[in-house]
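For the numbers below, each heavy atom of this structure counts, side chains included, while hydrogens, waters and symmetry mates do not.
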Amino acid sequence: MDRLKTSARLMIVSDLDHTMVDHHDSENLSLLKFNALWESNYRHDSLLVFSTGRSPVLYKKLREEKPMLTPDITIMSVGTEITYGNLMVPDDGWVEILNQKWDRSIVIEESKKFPELTLQAETELRPHKVSFYVEKDKAHAVSKALMERFEKHGLDVKIIYSGGMDLDILPQGAGKGQALAYLLKKFKTEGKLPNNTLVCGDSGNDAELFSIPEVYGVMVSNAQEELLKWHAENAKNNPKIIHATERCAAGIIQAIGHFGLGPNISPRDVMDFSECKLENVNPGHEAVKFFLFYERWRRAEMENFEPYLASLKASCDPSGVHVAPTGFEHSLWDKIDAMRSIYGDKQGKQFRVWIDRVLPTQISSNTWLVKLNKWELSGEERKCCKTTVIFSSKDAVVASDGFTWMHVHQTWTEEETNLKDHSSSIIQF
């Protein structure tokens with residue numbers, strides 16, 4: 001929360017499964033399109049929040065399976081856990097609030113008396129969340145009976161049914177909506193309330209997000225019946241909530257444009273980057289463009305490529321240097337010339353490149369330092385290297401003449417250092 005010194009231009013709060021992440025999209029194209037849009041236009045002055053029913057264990061597993069960005073804030077276990085940044089530092093204040101009138105042992109003891117309930121995996125049983133599976137036609141009756149028992153014990157709990165099978169028991173003060181309300185209150189206290197907030201979901205446990213006043217909301221086109229029913233009964237006439245015509249992350253992008261919250265054309269949908277104009281020029285966009293070019297180059301998705309190479313070379317300082325993860329140094333011009341040898345080497349194969357945590361810092365009147373994580377998926381293998389780029393600009397205010405690449409330095413992440421044989425696994429850029 002300390003990354004931005006002022007209010008975020010936009011804060012997106014999104015569910016993951018079947019909202020940000022489309023499990024029916026084997027190529028993950030809608031997710032990759034969102035990633036490129038976010039890192040090129042929003043990361044530098046906005047906040048990304050993932051709000052998921054998954055426990056930390058299953059959340060981390062999803063991150064290993066899908067090309068997901070690193071959020072600024074993570075809300076997990078149906079709003080019972082809030083963490084910050086890449087290190088996922090927990091919010092102790094939220095824990096104190098949830099401890100009120102909550103006794104996990106009593107919740108488990110009483111719930112076990114209902115044979116209709118099947119306890120979920122141990123990883124999904126969290127300090128403030130107890131989860132079960134229950135058949136759809138039995139969920140209402142079981143929930144009602146459970147509530148009566150909890151009230152007799154003096155517990156103040158809530159029961160959320162979602163996905164047609166998941167029944168979660170939480171403290172009354174917990175939930176995705178309450179967690180978001182808590183965060184917004186913290187931002188307001190600090191004088192950094194986001195200018196706009198967009199919530200995104202597909203199932204019943206997302207309904208609370210749409211109940212927060214003053215937020216925009218999008219139910220993705222593949223939203224489940226329980227969420228659509230809630231909307232029809234509670235927010236049908238709310239113009240700030242829409243049912244997108246696009247699935248998952250594509251629906252989120254659609255909502256950004258519908259509500260006029262900022263640019264909503266992903267660089268992945270632009271074939272000629274000279275036509276891709278930004279409202280707020282930033283060097284992070286240059287990095288996104290290059291690595292998308294790099295992906296297309298190796299997939300042979302570009303024709304008449306000599307002009308592209310010439311343009312790319314012109315955007316690099318003649319004395320610019322690239323330091324590879326192996327430690328070898330080459331001039332940027334030599335690296336670009338060497339790209340001819342790998343043109344189309346991934347054609348017809350599963351190969352994707354995306355960048356994460358693109359954070360630009362202006363270090364002088366016309367110089368920027370940009371740090372990012374560059375990810376590469378080739379078949380079943382994923383690899384990541386930390387990348388630092390120094391850009392300069394002729395115009396320090398508008399950067400209308402574009403940015404010049406001065407220096408690129410790449411190092412393996414700690415995981416890559418431990419796992420890879422660098423002599424045979426070199427990232428070309």
Side-chain angles (χ1 to χ4, degrees), residues 15 17-18 51-58 75-82 91 93-182 185 199 201-213 219 223-236:
D15 172 53
D17 295 292
H18 308 294
S51 181
T52 177
R54 287 180 177 244
S55 65
V57 171
L58 291 187
I75 302 172
M76 295 169 289
S77 304
V78 198
T80 61
E81 300 180 62
I82 300 175
D91 189 315
W94 184 235
V95 173
E96 292 179 10
I97 291 175
L98 298 187
N99 282 335
Q100 300 172 17
K101 292 187 177 182
W102 169 257
D103 191 317
R104 185 175 181 272
S105 60
I106 293 178
V107 169
I108 293 177
E109 179 184 344
E110 290 294 341
S111 300
K112 285 183 176 179
K113 297 176 182 178
F114 291 81
E116 301 93 336
L117 297 175
T118 301
L119 202 62
Q120 292 188 16
E122 186 66 30
T123 59
E124 300 312 287
L125 305 181
R126 306 297 298 169
H128 297 97
K129 181 178 82 77
V130 182
S131 299
F132 299 88
Y133 297 118
V134 61
E135 294 179 10
K136 188 174 182 179
D137 60 343
K138 299 176 181 177
H140 179 72
V142 171
S143 298
K144 183 178 180 182
L146 271 174
M147 285 300 295
E148 292 175 355
R149 289 175 179 262
F150 295 148
E151 289 172 0
K152 289 180 180 179
H153 284 283
L155 301 185
D156 194 10
V157 305
K158 69 164 60 171
I159 298 176
I160 299 177
Y161 182 66
S162 63
M165 61 186 294
D166 298 310
L167 188 145
D168 299 310
I169 304 173
L170 325 169
Q172 182 61 44
K176 291 185 175 183
Q178 281 89 336
L180 175 56
Y182 171 82
K185 184 178 180 180
V199 301
D202 78 298
S203 69
N205 67 20
D206 300 315
E208 290 182 350
L209 291 173
F210 298 94
S211 300
I212 303 298
M219 302 179 295
Q224 297 184 27
E225 177 187 347
E226 66 223 19
L227 181 59
L228 298 178
K229 184 173 182 290
W230 174 90
H231 178 259
E233 295 174 352
N234 300 276
K236 186 177 181 179

Verify, without hydrogens or angle tests, whether [X] (side chain) and [Y] (backbone) share a donor-acceptor contact under 3.5 angstrom.
{"X": "T80", "Y": "K129", "result": "no"}
{"X": "E208", "Y": "G177", "result": "yes"}
{"X": "R126", "Y": "V78", "result": "no"}
{"X": "D206", "Y": "S203", "result": "yes"}
{"X": "W230", "Y": "A235", "result": "no"}

Looking at [X] and [Y], what are the two nearest heavy atoms and their distance?
{"X": "V107", "Y": "F150", "result": "CA-CE2, 3.7 Å"}
{"X": "G53", "Y": "N205", "result": "CA-ND2, 4.5 Å"}
{"X": "V199", "Y": "L209", "result": "CG2-O, 3.8 Å"}
{"X": "W102", "Y": "L170", "result": "CZ3-C, 3.5 Å"}
{"X": "P56", "Y": "S77", "result": "CD-OG, 3.8 Å"}
{"X": "L167", "Y": "A139", "result": "CD1-O, 4.5 Å"}

Do [X] and [Y] come within less than 4.5 Å of each other through their side chains, counting heavy atoms only?
{"X": "V134", "Y": "F114", "result": "no"}
{"X": "V130", "Y": "R104", "result": "yes"}
{"X": "D103", "Y": "H153", "result": "no"}
{"X": "D17", "Y": "R54", "result": "yes"}
{"X": "L125", "Y": "E122", "result": "yes"}
{"X": "I75", "Y": "E81", "result": "no"}
{"X": "D166", "Y": "F132", "result": "no"}
{"X": "R149", "Y": "L155", "result": "no"}

Step-by-step side-chain contact (heavy atoms from CB on, under 4.5 Å) determination, L117 to K112
CA-CA 7 Å; L117 297 175; K112 285 183 176 179; over 6 Å; no
For Y161, enumerate each residue passing the ring-ring contact (aromatic ring centres under 6.0 Å, His included) test, keeping only those at least two apart in sequence or located in another chain.
none
Could E110 and K113 be called an ion pair, given the rule that one side-chain N must be under 4.0 Å from one carboxylate O?
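Answer for the salt bridge query: yes.
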Reported [atom1]-to-[atom2] distance for the pair [X] and [Y], which is rounded to 0.5 angstrom:
{"X": "T52", "Y": "M76", "atom1": "OG1", "atom2": "CE", "value": "9.0 Å"}
{"X": "D156", "Y": "E151", "atom1": "CG", "atom2": "CD", "value": "8.5 Å"}
{"X": "Y182", "Y": "I97", "atom1": "OH", "atom2": "CD1", "value": "5.0 Å"}
{"X": "I169", "Y": "S143", "atom1": "CD1", "atom2": "OG", "value": "8.0 Å"}
{"X": "S111", "Y": "I159", "atom1": "OG", "atom2": "CD1", "value": "7.5 Å"}

Verify side chain to side chain donor-acceptor pair (under 3.5 Å) between D168 and Q120, making sure each step is shown before the conclusion.
CA-CA 10 Å; D168 299 310; Q120 292 188 16; 4.6 Å; no
Can you tell which of K136, E135, H140 makes a side-chain contact (heavy atoms from CB on, under 4.5 Å) with K138?
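So the option named by the test is E135.
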Salt bridge (charged side-chain N to carboxylate O under 4.0 Å, His left out) against D15, all qualifying residues, sequence neighbours excluded:
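Only K176 meet the salt bridge (charged side-chain N to carboxylate O under 4.0 Å, His left out) criterion with D15.
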Tell me whether the count of non-hydrogen atoms from other residues, nucleotides or ligands lying under 6.0 Å of NZ in K144 goes above 12.
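12 or below, so no.
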Output all residues satisfying side-chain hydrogen bond (donor to acceptor under 3.5 Å, both in side chains) with Q178, sequence neighbours left out; order by chain, then residue number.
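Only K158 meet the side-chain hydrogen bond (donor to acceptor under 3.5 Å, both in side chains) criterion with Q178.
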Yes or no on salt bridge (Lys or Arg N to Asp or Glu O under 4.0 Å) for E233 and K229, after CA distance, side-chain angles and deciding distance?
CA-CA 6 Å; E233 295 174 352; K229 184 173 182 290; 2.8 Å; yes
Please assess E124 against S131 for the test side chain to side chain donor-acceptor pair (under 3.5 Å), listing each intermediate value before the final yes or no.
CA-CA 7 Å; E124 300 312 287; S131 299; over 6 Å; no
